[in-house]
2 protein chains.
Amino acid sequence: MDARTLCLGALMHGEASGYEIRKLFEDGPFSPICDVSYGSIYPALTRLLDEEWVTCCVAKQDGRPDKKVYSITPGGRAAFLNGLASTPAPDKMQSEMLFILSFGDHLPRADVIKLVDRYISNYEARIAAIHNCADDTVLPAVRRFVHNFGIAVYETALDYLRTHRADLTEELSLARDPATPIKNRPAVSAGMQ
Amino acid sequence: MDARTLCLGALMHGEASGYEIRKLFEDGPFSPICDVSYGSIYPALTRLLDEEWVTCCVAKQDGRPDKKVYSITPGGRAAFLNGLASTPAPDKMQSEMLFILSFGDHLPRADVIKLVDRYISNYEARIAAIHNCADDTVLPAVRRFVHNFGIAVYETALDYLRTHRADLTEELSLARDPATPIKNRPAVSAGMQ
DNA sequence: AGGTACATGTAAGCTGTTACATGATTTT
DNA sequence: AAAATCATGTAACAGCTTACATGTACCT
C-alpha cells in the first residue's frame with residue numbers, strides 16, 4: 001500500500017499531523033501490519049493537499065514547534081474507500097528470520113540460537129504493543145476483529161519459536177535423521193535486544 | 001531483503017537460471033516469506049557477476065531458449081553468509097486485508113464478506129503451496145523448522161478467518177455492544193478467486 | 001550536559017515494479 | 001487456435017529509505 005493511501009486511512013479516524021500519523025504506524029493499531037516513514041509521509045501529505053483530498057491548518061503551540069493538522073475531505077473519503085475496492089495483494093508473512101534460518105546449517109550454531117532469541121523478543125514486543133493500543137478505549141466490532149487476528153498470528157509464531165528453539169539446537173548439533181521424533185525441551189526465555 | 005541477497009540465497013542450494021530463481025520464490029520454499037520479480041532478478045544477477053560473487057555459463061537446450069546458469073562462487077558464499085549476520089529487520093505480517101477490514105464499517109457489508117472469503121482462499125492456496133514443496137524430498141532439520149513455522153502461522157490465520165467470518169457479519173449489521181459475547185456460527189467455505 | 005520527544009521537511013540514491021519486446025514449444 | 005510455459009532482458013516510472021538540516025523543551 002502506498003503512503004498516500006496509508007495517510008488517508010489514518011485520517012479516516014480523525015485529523016492528525018504528519019508526526020502523529022507516523023506514530024499511528026509505529027505504535028498504533030496499524031503497527032503490526034504496515035510500515036511508513038517520515039520520508040514518505042510528508043511528501044504524501046503535500047500531494048494529497050494538491051489533489052484536495054485533505055485540508056491543512058497550522059496549529060500554534062507554545063513550547064513546541066508549530067503543527068500542521070490535516071483533515072480528510074469528502075472527496076478524499078470517497079477516493080480512499082474507492083481505492084480500497086481494487087483487488088488488494090494477498091497477505092504475507094515477511095520473515096527475514098526464516099530466510100536466514102534456512103541457511104542455519106552454514107552458520108555457527110551459537111549465532112542461530114542468538115537469532116532465534118532475538119526474534120522471540122521481537123515477537124514479545126510486538127504482542128505487547130498490540131495489547132497496549134487497545135487499553136484506552138473499548139474496541140468497536142471491526143477493529144476487534146483486526147486486533148484479535150494480530151494477536152492470534154503473532155502468538156502462534158512466538159509459541160512456535162519457544163517450543164522449537166531447543167529442537168533446533170539438538171538437530172543442528174546431532175544432525176539426526178529427520179524422521180526421528182524430537183522430544184520437546186522446556187523453552188528458554190529470551191535475553192536480547 | 002534486497003534482490004541480490006535473495007538471489008545468492010537461492011544459489012546456495014545449487015546452480016540455477018534467473019527463471020528458475022523466480023520460481024523458487026513463487027512456488028518454492030521461500031514463497032511464503034519473500035517476494036522478488038524478474039525485473040529485480042535479472043539486473044541483480046548481472047551485478048553479482050560484476051562483483052564476481054556468481055559465475056555464469058550458457059546452456060544450450062533444444063526446443064527451448066538458451067539458459068544462463070548461474071553458480072555462486074566461494075567469495076559469494078562468504079559475502080552472503082557475512083551479510084546475514086548484520087541485524088535483520090523484525091518479522092512482520094503484511095496484511096492489506098486487515099488494513100481494509102479496519103474500515104469495514106464504511107464499506108458495504110457484502111463487500112467485506114467477499115473480501116474475507118477471497119482471503120480465506122488466498123490462505124488456503126498458500127498453505128497448499130507450502131505442503132506441496134515438501135513432497136519431493138525429506139526435509140533436513142533446519143528446513144523443517146522453517147516449513148512448520150510457516151504452516152503454523154498461516155493455519156492460525158486461516159482458522160481465525162473461518163471462525164470469525166460469521167461474527168463480522170452479525171456485528172456489522174447489529175452494531176451490538178462490544179462487551180456482549182458473540183456466539184460462533186459455523187464457518188462458510190470460500191468461493192472466490 | 002546529554003538524550004529524548006516534539007515537529008517538519010528536502011534530496012540523493014537506491015530499488016523495485018510494470019510494461020514492453022521477442023520467440024519457440026507444448027498443452028488445451 | 002489460443003493460452004500457457006520456458007527464457008531473457010530493458011526502460012520508464014514510481015516509490016521508499018536514509019541521511020541531512022533545524023530548532024525547542026523537558027527530563028535525568
Side-chain angles (χ1 to χ4, degrees), chain A residues 1-11 15-28 30 33-51 54-70 83 86-90 92 94 96, chain B residues 1-11 15-28 30 34-51 54 56-70 83 86-90 92 94 96:
Chain A
M1 289 241 151
D2 59 295
R4 256 156 60 244
T5 306
L6 260 22
C7 287
L8 286 178
L11 295 176
E15 51 174 38
S17 65
Y19 191 82
E20 287 161 350
I21 291 174
R22 172 73 213 282
K23 279 197 305 178
L24 266 179
F25 288 96
E26 213 194 0
D27 320 307
F30 296 127
I33 51 161
C34 299
D35 272 312
V36 73
S37 64
Y38 288 127
S40 322
I41 289 172
Y42 288 116
L45 288 171
T46 308
R47 234 181 107 179
L48 288 172
L49 258 185
D50 290 346
E51 291 163 317
V54 301
T55 55
C56 170
C57 65
V58 178
K60 279 175 190 158
Q61 307 181 108
D62 44 44
R64 287 191 183 171
D66 288 359
K67 208 198 234 182
K68 285 191 178 179
V69 179
Y70 293 88
S86 63
T87 321
K92 197 165 208 174
Q94 295 296 151
E96 297 201 1
Chain B
M1 288 244 152
D2 59 294
R4 258 159 54 246
T5 306
L6 261 21
C7 287
L8 286 179
L11 295 176
E15 52 174 38
S17 65
Y19 191 82
E20 288 162 349
I21 291 173
R22 173 71 212 284
K23 279 197 305 178
L24 266 179
F25 287 97
E26 213 194 1
D27 320 307
F30 296 126
C34 300
D35 271 313
V36 73
S37 63
Y38 287 126
S40 321
I41 290 172
Y42 288 116
L45 287 171
T46 307
R47 236 180 105 179
L48 288 171
L49 259 184
D50 290 346
E51 292 162 319
V54 301
C56 169
C57 64
V58 178
K60 279 174 190 159
Q61 307 181 107
D62 44 43
R64 287 191 183 172
D66 288 358
K67 209 198 231 185
K68 286 189 178 179
V69 179
Y70 294 88
S86 63
T87 320
K92 197 166 207 171
Q94 295 297 148
E96 297 202 1

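In what follows, every heavy atom counts, from backbone to side chain, and hydrogens, waters and symmetry copies are set aside. In what follows, chains are A, B, ... by sequence order, proteins preceding strands, each numbered from 1. Nothing here was measured: the structure is a model prediction, and the numbers come from that model.
Separating the CG atom of Asp27(B) from the P atom of dA4(D) is a distance of 16 Å, rounded to the nearest angstrom. Here dC16(D) presents its C1' atom at 13 Å from CZ of Arg22(A), a figure rounded to the nearest Å. Atom-to-atom, CE of Met1(A) to P of dT17(C) comes out at 16 Å; the value is rounded to the nearest Å. Between Tyr38(A) atom OH and dT8(C) atom C1' there is a gap of 9 Å when expressed in whole angstrom units. Regarding Asp35(A), its CG atom lies at a distance of 17 Å from the P atom of dG15(D), rounded to whole Å. If you measure from atom CG of Asp66(B) to atom C1' of dT8(D), you get 10 Å, rounded to the nearest angstrom. Nucleotide dT17(C) holds its C1' atom 13 Å from the CD1 atom of Ile41(B), rounded to whole Å. For Leu6(B) and dC14(C), the CG to P distance is 19 Å, given to the nearest whole Å.
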Exercise for the section: Evaluate the criterion side chain to side chain contact (heavy atoms under 4.5 Å, CB included) for residue pair Lys68(A) and Ser17(A); output intermediate values, then yes/no. Expected result: CA-CA 5 Å; Lys68(A) 285 191 178 179; Ser17(A) 65; 5.7 Å; no
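Listed pair Ser37(A) / dT18(D) fails the phosphate criterion, with no side-chain N or O lying under 4.0 Å from OP1 or OP2. Put simply, Arg47(B) has a side-chain N or O that comes within less than 4.0 Å of OP1 or OP2 on dT15(C). Applying the 4.0 Å criterion to OP1 and OP2 of dT8(C), one finds that Ser17(A) has a side-chain N or O inside that range. A close approach under 4.0 Å does not occur between any side-chain nitrogen or oxygen of Gln61(A) and OP1 or OP2 of dC6(C).
Contacts of Asp2(A) with the nucleic acid, taken as non-hydrogen atoms under 4.0 Å apart, involve only primed sugar atoms and P, OP1 or OP2. At the heavy-atom level, Thr46(B) lies nowhere under 4.0 Å from the strands shown. If you check every strand for non-hydrogen atoms under 4.0 Å, Phe25(A) touches nothing. Across all strands shown, Gly39(A) has heavy atoms under 4.0 Å from base atoms, whether or not it also approaches the sugar-phosphate.
For Tyr70(B), taking side-chain heavy atoms from C-beta onward, the closest of the listed nucleotides dA7(D), dA7(C), dG9(D) is dG9(D). When distances run from any side-chain atom of Tyr19(A) to the nucleotides dG9(D), dT15(C), dT8(C), the shortest one goes to dT8(C). Of the candidates dC16(D), dG16(C), dA7(D), the closest approach to any side-chain atom of Ser40(A) belongs to dC16(D).
Formation of a donor-acceptor pair under 3.5 Å by the Glu96(B) side chain with backbone atoms of Ala89(A) is found in this model.
Considering Leu49(B), Ile21(B), Leu8(B) in turn, Leu49(B) is the only one that fulfils the side-chain contact (heavy atoms from CB on, under 4.5 Å) rule with Tyr70(B).
Closest approach of Gly18(B) and Leu45(B) over heavy atoms only: CA-CD1, 3.7 Å. Ala16(B) and Leu11(B) make their closest contact through N-CD2, 3.6 Å (heavy atoms, listed as atom of the first residue, atom of the second, distance).
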